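From a predicted model like this one, the values you see are computed outputs, not experimental measurements. Reckoned from all heavy atoms, side chains included, excluding hydrogens, waters and symmetry mates.
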Amino acid sequence: MYLRHSADRLLRAVSLLCALSAAVILLLILLFLTQASWPLLQSPSPLLGAAWQPSKGLFGLQAMLGVSLLSSLLALLLAVPSGLLVSIWLIFYAPTSVARAYAGLVGLMASIPSVVYGLWGLVVLVPLLNAWVAPGASLLAVGIVLGLMILPLLMVQADAVLRESARRHLPAALCLGVSRWAAIRRVLLPAAWPRLWPSILLQLGRALGETMAVLMVAGNVVQWPGSIFEPVRTLTANIALEMSYASGAHLQALYLSGWLLLVLALLLMGLARLFGSRT
């Protein structure tokens, strides 16, 4: 009994140390980015401007920040409805053998490196979109690739939440004489939706932080797109492209881009935590 309590205390202490270490590292990263970008943080011009021309001293992040948000929201728009519908089909309508095989496929998709999605987008998706509307590398290509990347984890979360909701509510709903689809649409989905919000917000944060896959299919033109078929550049792609040779105010602007992304990720994590605590 004494050894077991000692092991519990040791595990508690190690877990606390790991949690504190992660928080301290995150805080240090935030402090570093704040210090490195402080001269530009004191002026609103880098955020308000739309022109990114480092050679002329113009470091507007407005277009790239907006494109980062738009592409991530487009990815959610594509991934969330399709992920929910596929999860509903797998749980309630698909044969058991098909559901098991599909679950394995979803797990495989979740383990594929992001650069592989980018490579597929570059050699397959971009030419297909180019045959439809030139140039192919565009905001739409970014949204599709990001949607495919976040789809597997969204489906895993949706599967767990919908199964729990079905265990609690489906028998009672069916006893009232409603059809299965009516029970899913009017009972299970409303009951499960509050528990789906945290995973959706976390995947939004992942889409905001993706770099290589976006870099390969975006076209990398700094502009506000007039349509989803125009080339764009995100904050992450801009950091990857220009960090190797940036200096002075240019380097500070790139650090400011990283600071913005980190702050957005922290806000999304906080919102996910808030929604999760209410369920």
Side-chain angles (χ1 to χ4, degrees), residues 46-47 49-52 60-84 109-110 112-130 132-155 197 199-243 253-254 256-269 271-272:
L47 295 176
W52 177 266
L61 302 177
Q62 181 190 113
M64 291 183 287
L65 178 60
V67 165
S68 297
L69 294 171
L70 285 174
S71 60
S72 300
L73 292 174
L74 178 58
L76 287 183
L77 185 63
L78 296 174
V80 173
S82 57
L84 283 176
M109 287 181 62
I112 295 176
S114 60
V115 68
V116 176
Y117 284 101
L119 181 62
W120 171 84
L122 181 64
V123 301
V124 177
L125 179 62
V126 169
L128 286 176
L129 292 177
N130 182 56
W132 182 20
V133 178
S138 59
L139 177 62
L140 178 59
V142 175
I144 293 174
V145 169
L146 288 177
L148 286 174
M149 288 177 57
I150 67 177
L151 178 62
L153 292 179
L154 280 174
M155 287 184 59
W197 263 115
S199 61
I200 292 174
L201 290 173
L202 290 176
Q203 294 309 308
L204 176 60
R206 185 196 176 191
L208 276 172
E210 180 53 42
T211 304
M212 288 308 300
V214 171
L215 181 63
M216 299 169 75
V217 300
N220 299 307
V221 177
V222 181
Q223 63 175 356
W224 274 104
S227 71
I228 59 175
F229 302 104
E230 293 187 6
V232 292
R233 181 185 293 185
T234 63
L235 285 175
T236 53
N238 189 58
I239 294 172
L241 285 170
E242 302 188 7
M243 180 60 76
L254 296 180
L256 179 58
S257 301
W259 184 87
L260 286 172
L261 290 170
L262 181 57
V263 170
L264 285 174
L266 290 174
L267 289 176
L268 290 173
M269 186 172 59
L271 286 175

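- Atom CG of L266 sits about 11.0 Å away from atom CG of L271, to the nearest 0.5 Å.
- A pairwise comparison of heavy atoms in P152 and M149 identifies CD-O, 3.4 Å as the closest pair.
- The CG atom of L69 lies 10.5 Å from the OG1 atom of T234; values are rounded to the nearest 0.5 Å.
- Side-chain contact between L70 and V232 is absent, with no heavy atoms from C-beta onward closer than 4.5 Å.
- For the residue pair A240 and T211, the shortest heavy atom distance occurs at CB-CG2, 3.7 Å.
- Under the 4.5 Å side-chain criterion, counting only non-hydrogen atoms from C-beta, P231 is in contact with Q223.
- The closest side-chain heavy-atom distance from Y117 to M109 is below 4.5 Å.
- Taking CG of L119 as the reference point, atom CD1 of I112 lies at 11.5 Å (rounded to 0.5 Å).
- No more than 12 heavy atoms of other residues, nucleotides or ligands shown are found within 6.0 angstrom of CH2 on W197.
- Counting all heavy atoms, side chain and backbone alike, L125 lies closest to A141 at CD2-O, 3.8 Å.
- In this structure, L208 and L268 approach most closely via the heavy-atom pair CD1-CD1, 3.7 Å.
- Nearest heavy-atom pair across G66 and W224 is CA-CH2, 3.6 Å.
- Using a 4.5 Å heavy-atom cutoff, the side chains of S68 and T236 are not in contact.
- Counting only distance, with no hydrogens or angles, the side chain of S199 and the backbone of L154 share no donor-acceptor pair below 3.5 Å.
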>> Pair E210, S114 - check side chain to side chain contact (heavy atoms under 4.5 Å, CB included), show working.
In response: CA-CA 8 Å; E210 180 53 42; S114 60; 3.2 Å; yes
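- Side-chain contact between S138 and P225 is absent, with no heavy atoms from C-beta onward closer than 4.5 Å.
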>> Could you go through L76 and I200, starting from their C-alpha distance and side-chain angles, then the distance that decides it, and tell me whether this counts as side chain to side chain contact (heavy atoms under 4.5 Å, CB included)?
In response: CA-CA 8 Å; L76 287 183; I200 292 174; 4.1 Å; yes
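- Counting only heavy atoms from C-beta outward, the side chains of M64 and V222 approach each other to under 4.5 Å.
- We find the CG-CG distance between L148 and L78 to be 8.5 Å, quoted to the nearest 0.5 Å.
- Residues R206 and L153 meet the side-chain proximity criterion, which asks for heavy atoms closer than 4.5 Å.
- L146 and A75 make their closest contact through CB-CB, 3.5 Å (heavy atoms, listed as atom of the first residue, atom of the second, distance).
- Considering CG of L61 and CG of N238, their distance stands at 8.0 Å, rounded to 0.5 Å.
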> Going through the checks in order, is the side chain to side chain contact (heavy atoms under 4.5 Å, CB included) test met by V115 and M216?
Replying inline: CA-CA 9 Å; V115 68; M216 299 169 75; 4.0 Å; yes
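- Here the side chain of S71 pairs no donor or acceptor atom with the backbone of V142 at under 3.5 angstrom.
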>> L215 vs N220, test: side chain to side chain contact (heavy atoms under 4.5 Å, CB included). Steps then yes/no.
In response: CA-CA 7 Å; L215 181 63; N220 299 307; 3.5 Å; yes
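- In this structure, CG in L254 is found 10.0 Å from CG in L241, a value given to the nearest 0.5 Å.
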